[in-house]
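Worksheet: the structure to be examined is printed underneath.
For clarity, every value in this text was computed on a predicted model and none was experimentally measured. Values below: every heavy atom of this structure, side chains too, minus hydrogens, waters and symmetry copies. By convention in this document, chain letters (A, B, ...) are assigned in the order of the sequence lines, proteins followed by strands, and residues within each chain are numbered from 1.
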Protein chains: 2
Amino acid sequence: MDNKKIEKISRALSDANRIAILQEFKKKKDCLYCAEVNDMLDLTQPSVSHHLKQLVDAELLLPQKEGRNLKYVLNQQILDDYIACLTELKD
Amino acid sequence: MDNKKIEKISRALSDANRIAILQEFKKKKDCLYCAEVNDMLDLTQPSVSHHLKQLVDAELLLPQKEGRNLKYVLNQQILDDYIACLTELKD
DNA sequence: TTTAAATATTCAAATGTTTCGATATATAAG
DNA sequence: CTTATATATCGAAACATTTGAATATTTAAA
């Protein structure tokens with residue numbers, strides 16, 4: 001993972017709403033629907049859409065279309081890669 | 001570690017110059033001097049000072065005064081705590 | 001005690017991010 | 001085919017971050 005990617009993932013994680021979205025996976029387990037995120041956050045739909053886009057662009061979330069709904073799964077692999085980079089910082 | 005702290009650390013990590021500073025510890029090992037960071041980055045002294053402040057405010061770096069020089073050590077504990085929070089996201 | 005060196009602070013300009021209203025697009029339901 | 005629902009995009013306002021010039025502060029050296 002190059003530095004540009006580390007920067008992008010870090011930026012995706014540097015917002016309270018986006019951290020809350022990721023943590024919601026601990027409850028909902030396997031997947032989370034776009035509509036659920038809309039209900040969960042105290043933001044308008046375009047704002048939620050913006051935050052989800054940041055997470056998808058950073059590849060922390062993988063989107064899957066289901067008819068007119070949108071389902072997200074957590075990308076555990078990229079989280080592992082990011083954690084590995086941080087671990088390397090510690091000499 | 002609460003979400004405000006995760007947010008702050010993530011933001012500190014979301015900049016190419018600051019990532020480069022942290023990675024420099026892998027070379028210089030134990031500690032890094034402020035002056036070394038000034039030499040290393042293609043930025044003016046006030047800008048470097050700003051970036052170092054972000055890292056210190058996030059507690060990723062611990063500053064130690066040595067006369068008129070300033071020495072930084074990496075705060076491995078907070079990195080570990082941050083990594084632990086990210087690991088928890090993975091169910 | 002004057003001077004020089006290292007670092008921090010202030011201020012303003014430039015740039016980037018977040019938010020929302022309005023609107024567009026896509027797809028399902030009637 | 002028309003309507004309703006889910007999500008995305010656009011545009012602008014508000015806010016935050018990054019940068020550097022100028023200047024202040026701190027401490028060492030002369």
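- Using a 3.5 Å distance cut-off with no hydrogens or angles, the side chains of A/Gln23 and B/Asn3 do pair a donor with an acceptor.
- Sparse packing is recorded around CG of A/Asp42, with 12 or fewer heavy atoms of other residues, nucleotides or ligands lying under 6.0 Å away.
- Straight-line distance from the NZ atom of A/Lys53 to the C1' atom of C/dT17: 13 Å, rounded to whole Å.
- Here the P atom of nucleotide D/dT7 and the OH atom of A/Tyr72 are 8 Å apart, to the nearest Å.
- The NE2 atom of A/His50 sits 13 Å away from the P atom of D/dA8 (whole-angstrom rounding).
- Look at CG on B/Leu55: it is 12 Å from P on C/dA8, rounded to the nearest Å.
- The shortest non-hydrogen separation linking B/Ala58 to B/Ile78 is O-CD1, 4.0 Å.
- Judged purely by distance below 3.5 Å, without hydrogens or angles, the side chains of A/Asp81 and A/Gln77 pair a donor atom with an acceptor atom.
- Straight-line distance from the CG atom of B/Asn17 to the P atom of D/dT18: 9 Å, rounded to whole Å.
- If you take CG of B/Leu70 and C1' of C/dT7, they are 7 Å apart, rounded to a whole angstrom.
- When atom types are taken as modelled, the side chain of A/Arg11 and the backbone of B/Ser14 share a donor-acceptor pair closer than 3.5 angstrom.
- Atom-to-atom, CD of B/Gln54 to C1' of D/dA16 comes out at 11 Å; the value is rounded to the nearest Å.
- Atom NZ of A/Lys26 has more than 12 neighbouring heavy atoms from other residues, nucleotides or ligands inside a 6.0 Å radius.
- Side-chain atoms of B/Ser49 never come within 3.5 Å of backbone atoms of B/Gln45 as a donor-acceptor pair (strictly under, hydrogens ignored).
- Remark: B/Ser49 is not in phosphate contact with C/dT7, judged by side-chain N or O atoms under 4.0 Å from OP1 or OP2.
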Check: protein-nucleotides 27-30 of chain C nitrogen or oxygen pairs below 3.5 Å:
none

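- B/His51 comes within 4.0 angstrom of the backbone, heavy atoms only, and of no base.
- For the pair A/Thr87 (side chain) and A/Ile83 (backbone), a donor-acceptor distance under 3.5 Å is present.
- Taking every heavy atom of residues 33-47 of chain B and every atom of DNA chain D, pairs under 4.0 Å involve B/Leu43, B/Thr44, B/Pro46, B/Ser47, by number.
- At a non-hydrogen distance threshold of 4.0 Å, A/Arg18 from residues 18-26 of chain A come into contact with DNA chain C.
- For the pair A/His51 and A/Ile21, the tightest heavy-atom approach, listed with the atom from each and the gap, is CB-CD1, 4.3 Å.
- As a whole-Å value, the separation of A/Arg11 CZ from D/dT18 C1' is 10 Å.
- At D/dA28, none of the side-chain N or O atoms of B/Asn69 fall inside 4.0 Å of OP1 or OP2 (strictly under the cut-off).
- Residue A/Asp39 qualifies as enclosed at atom CG: its count of foreign heavy atoms under 6.0 Å is above 12.
- The nearest pair of heavy atoms linking B/Leu32 to B/Glu24 is CD1-CG, 3.8 Å.
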